[in-house]
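Computed from heavy atoms alone, side chains included, the values below leave out hydrogens, waters and symmetry copies. Below, chain A is the first sequence line, B the second, and so on; all start at residue 1.
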Amino acid sequence: MQTFVIHWFRRDLRLTDNTALLAAAATGHSVLPVFILDEAIYKGRFASGSRLAFMLKALRSLDEQLKVYGSRLLVKLGEPGGILHQLVAEAGASAVYANADYTPYAHRRDHTIKSGLGVPLHLFDDVALLPPGAVLKGDGKPFVVFTPFKKAWLNIPKGPVQSAPALGAFVKLDSLPMVDGWGTVPSPQELGFAPTVDLPEASEVEATRRLDEFINGRAAAYATGRNVLAAERQDDTRPESSFLSPYLRFGMLSPRQAYQAARAAYPAANSTHARESLETWVSELVWRDFYMHILHFFPQVLKSSFRPEYDRVEWRQFPAEFQRWKEGMTGYPVVDAAMRQLRAMGWMPNRARMIVASFLTKDLLIDWREGERHFMQWLIDGDPAANNGGWQWSAGTGTDAQPYFRIFNPVSQGENFDPDGRYVRRWVPELAQVPDKFIHQPWAMPAPPANYPPPMVNHGEARTRTLSAFKAVKG
DNA sequence: TCCCACTTAGC
DNA sequence: CTAAGTGGG
């Protein structure tokens with residue numbers, strides 16, 4: 001008689017280099033591949049139509065991949081504990097395998113399921129290169145500053161990339177006739193969303209292709225290219241940055257694959273800039289681990305500032321101003337371009353994220369948590385740990401010792417990182433005819449475009465206002 | 001992963 | 001007048 005184990009896919013939507021999946025396959029039992037659409041994914045504060053649509057696309061791809069194995073993805077809608085319990089009974093499964101996630105919600109969910117499942121829930125570290133707890137200070141406490149964390153991180157060996165399970169690993173469709181839900185991935189509409197973003201391909205094959213293309217091409221110029229806001233071509237949504245965050249978010253690519261590809265490319269990198277570029281890119285993977293580690297050890301950051309004194313900042317509550325920021329109608333071209341790109345693509349390059357985050361928190365003096373939520377509602381790569389870390393970094397309330405006076409000038413940021421205005425013209429068509437000289441400050445033109453708003457705040461005055469608001473609460 | 005005011009050197 | 005460098009928020 002055939003016996004089964006369940007692999008519960010969560011944010012590891014791939015077959016290659018999947019730690020828990022390989023462990024499940026190594027039991028010698030047939031693996032039943034399951035994804036559960038938990039209400040928590042599509043309801044609640046951080047729910048996102050664009051990210052949901054991207055994820056559903058990835059689930060369809062995963063289902064297609066599993067057909068090659070003579071199987072399908074079993075998709076269930078509902079509460080994970082109850083569903084797993086029922087599946088274990090129906091299939092006679094002897095264990096459930098999954099890769100651990102480190103958000104407070106995931107910890108709670110898995111802990112509850114573990115105690116009530118009746119069979120073991122085996123959790124594996126896979127989502128981070130080095131999981132929370134693997135990088136600690138000499139005294140056993142967690143790092144709270146990035147640079148020493150990174151230094152320690154670099155000295156710890158990382159695992160190799162593993163292959164996909166053998167062809168016979170998965171349950172054959174006809175062996176579990178009582179179970180239904182094979183390959184029935186719902187549409188975003190069925191879950192109450194009508195997403196409008198222009199989504200990229202979402203599959204393991206596409207993720208690997210993008211990684212190869214990046215490592216063999218733009219990676220060599222990443223150290224500077226990552227800051228270039230505009231895509232190479234006007235009609236091209238492919239940016240200078242790697243554009244791998246959406247794939248890492250849902251595990252169509254593993255961080256090990258990303259890291260080992262960079263390491264493998266390093267010996268052939270034939271210039272200082274090329275080597276620095278690969279190091280910078282690896283550094284981004286370290287940031288990813290760092291913020292997972294911060295969220296694991298300090299889950300309160302989702303509610304409060306990492307430095308509690310900054311929760312006394314008197315954030316301004318001006319919904320109409322927040323609305324203008326969200327719509328990309330602030331009057332600062334680079335800010336507006338970025339905010340409109342977010343709504344069109346569900347994605348922005350990191351430089352753009354920093355610019356708009358600085359503008360919301362420092363120029364408008366609106367609470368970083370408002371911005372954090374808006375990003376989570378739109379970003380296809382939106383991840384609670386990284387997004388929270390990024391926002392607290394920008395607001396100056398976070399882990400790094402950088403002072404609160406990190407205030408970006410939206411004009412000089414535009415001039416530095418979109419010197420020819422291509423990014424602004426791509427996303428703010430009202431400014432298409434503005435000459436380069438004025439593209440980042442159209443209000444200085446003799447006759448500014450009538451259909452584009454004047455700047456909603458004076459940057460110099462806003463800067464002063466923010467410096468005093470922060471000074472007032474500084475310990 | 002910054003900005004700004006200020007200084008100095010050079011024309 | 002600009003460029004380059006510096007100190008400090």
Inset, instruction - Report the relative orientation of the aromatic rings in A:Trp153 and A:Tyr259; use parallel for angles under 30°, tilted for 30 to 60°, perpendicular for over 60°. - result: perpendicular
Legend entry - Distance test, side-chain N/O of A:Gln413 to OP1/OP2 of B:dT1, below 4.0 Å: no
Inset, instruction - Name the closest nucleotide to the A:Arg463 side chain, picking from B:dC2, B:dC4, B:dT1. - result: B:dC4
Inset, instruction - Figure out the CD/C1' separation between A:Glu415 and B:dC3, and round it to whole Å. - result: 13 Å
Legend entry - Under 4.0 angstrom between A:Asn409 side-chain N/O and B:dC4 OP1 or OP2: yes
Legend entry - Rounded distance (Å) that lies between atom C1' of B:dC2 and atom CG of A:Leu467: 12 Å
Legend entry - Spacing of A:Phe408 atom CZ relative to B:dC4 atom P, expressed in whole Å: 12 Å
Inset, instruction - Would you kindly give the CG-to-P distance between A:Leu229 and B:dT1, to the nearest whole Å? - result: 18 Å
Inset, instruction - Look at A:His459 and B:dC3 and indicate whether a side-chain polar atom (N or O) is within less than 4.0 Å of OP1 or OP2. - result: no
Legend entry - Considering all heavy atoms, the nearest A:Arg14-A:Leu21 contact: O-CD2, 4.1 Å
Legend entry - Distance in angstrom units between A:Lys471 NZ and C:dG9 C1', rounded: 7 Å
Legend entry - Rounded interatomic separation in angstrom, taking CG from A:Asn416 and C1' from B:dC4: 14 Å
Inset, instruction - Answer yes when A:Glu309 and A:Arg312 have at least one side-chain N-carboxylate O distance shorter than 4.0 Å, and no when they do not. - result: no
Inset, instruction - Nearest whole angstrom, please: distance from the P of B:dC2 to the NZ of A:Lys362. - result: 12 Å
Legend entry - Mutual orientation of the aromatic rings belonging to A:His374 and A:Trp378 [parallel < 30°, tilted 30-60°, perpendicular > 60°]: tilted
Inset, instruction - Using only side-chain N and O atoms of A:Thr280, determine if any of them is under 4.0 Å from OP1 or OP2 of B:dT1. - result: no
Inset, instruction - Give A:Ser412 one of three labels, base, sugar-phosphate or nothing, depending on what nucleic acid heavy atoms sit under 4.0 Å from its own. - result: sugar-phosphate
Legend entry - No-hydrogen, no-angle side-chain donor-acceptor test under 3.5 Å, A:Trp427 and A:Asp336: no
Legend entry - A:Ile407 CD1 to C:dG8 C1', straight-line distance once rounded to whole Å: 13 Å
